[in-house]
Q: 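For reference, the structure I am asking about is given below.
Counting convention: from 1, in listed order, for ligands and their atoms alike. All values derive from a computational prediction rather than experimental measurement.
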Amino acid sequence: MKRDKLERQAIYDELAKLDGWSLGDGGKSITKSYKFKNFVEAFGFMTEAALAAEKLDHHPEWFNVYSKVDVALSTHSADGLTELDFKLAGLMEKAAARRID
Ligand SMILES: C[C@H](O)[C@H](O)[C@H]1CNC2=NC(N)=NC(=O)C2=N1
């Protein structure tokens with residue numbers, strides 16, 4: 001269920017609930033670029049997100065340089081987007097809000 005591929009409309013509905021996320025890879029992923037104060041803040045975010053990802057058994061693709069973290073979420077097994085991507089995106093938003101705001 002959680003790993004069922006979402007229809008296009010469901011993807012737009014979920015995206016509308018998120019701040020600053022975009023579709024990537026021809027609609028097969030959602031992406032966001034986070035900017036923190038410094039590397040320690042960025043890595044703290046990644047640590048918290050990694051633990052959330054492990055709990056969900058759903059893992060991010062990401063790229064970090066110093067205070068920047070570029071994230072792309074997709075479900076490889078579905079070759080697209082599922083509830084799990086939006087669940088993880090929501091958890092990342094919470095982890096980031098504690099560090100950016
Ligand atoms: C065996 C394990 O459940 C799978 O490999 C999980 C692990 N994490 C995953 N993460 C993501 N992003 N997509 C997947 O399809 C996926 N599959």
Q: Please confirm whether H59 comes within less than 3.5 Å of ligand 1 when only nitrogen or oxygen atoms on both sides are compared.
A: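 Yes; the residue has a nitrogen or oxygen that sits under 3.5 Å from a nitrogen or oxygen of the ligand.
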Q: Given 3.5 Å as the limit, does a donor-acceptor pair link the side chain of N64 with the main chain of K68, or not?
A: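 Yes; at least one donor-acceptor contact below 3.5 Å.
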Q: More than 12 heavy atoms of other residues, nucleotides or ligands under 6.0 Å from CZ of R3: is that the case?
A: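 Check passes, neighbour count above 12.
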Q: Please state which protein non-hydrogen atom is closest to atom 16 (C) of ligand 1 and give its distance, to 0.1 Å?
A: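 Minimum-distance protein heavy atom for atom 16 (C) of ligand 1 reads H76 ND1, 4.2 Å.
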Q: Would you mind telling me if ligand 1 is within reach of the side chain of S74, the backbone, both or neither, using heavy atoms under 4.0 Å?
A: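 Contact part for S74 vs ligand 1: backbone (N, CA, C, O).
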Q: Using modelled atom types only, decide if a donor and an acceptor are shared between the side chain of D70 and the backbone of S33 within a distance under 3.5 Å.
A: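 Such a contact is absent between D70 side chain and S33 backbone.
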Q: At what distance is the nearest protein heavy atom to atom 2 (C) of ligand 1, and which residue and atom is it?
A: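 Checked against all protein heavy atoms, atom 2 (C) of ligand 1 sits closest to D57 OD2, 3.5 Å.
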Q: Taking only Lys NZ, Arg NE, NH1 and NH2, and the carboxylate oxygens of Asp or Glu, determine whether K94 and E48 approach each other closer than 4.0 Å.
A: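 Salt bridge flag = no for E48 with K94.
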Q: For D19, look at atom CG and say whether over 12 heavy atoms of other residues, nucleotides or ligands are found less than 6.0 Å away.
A: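 For D19, atom CG is not crowded (no more than 12 foreign heavy atoms under 6.0 Å).
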Q: Can you report which non-hydrogen protein atom sits closest to atom 17 (N) of ligand 1, along with the distance?
A: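 For this ligand atom, the closest protein heavy atom is R3 NH2, 4.2 Å.
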Q: Any idea which atoms of ligand 1 are less than 4.0 Å away from a heavy-atom of S77?
A: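 Answer for ligand 1: 15 (O).
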Q: What do you think, any protein heavy atom under 4.0 angstrom from atom 14 (C) of ligand 1?
A: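 When distances to the protein are checked, atom 14 (C) of ligand 1 has a heavy atom within 4.0 Å.
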Q: Roughly how far, to the nearest 0.5 Å, is OH of Y66 from NZ of K35?
A: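 Between K35 NZ and Y66 OH, I get 7.5 Å after rounding to 0.5 Å.
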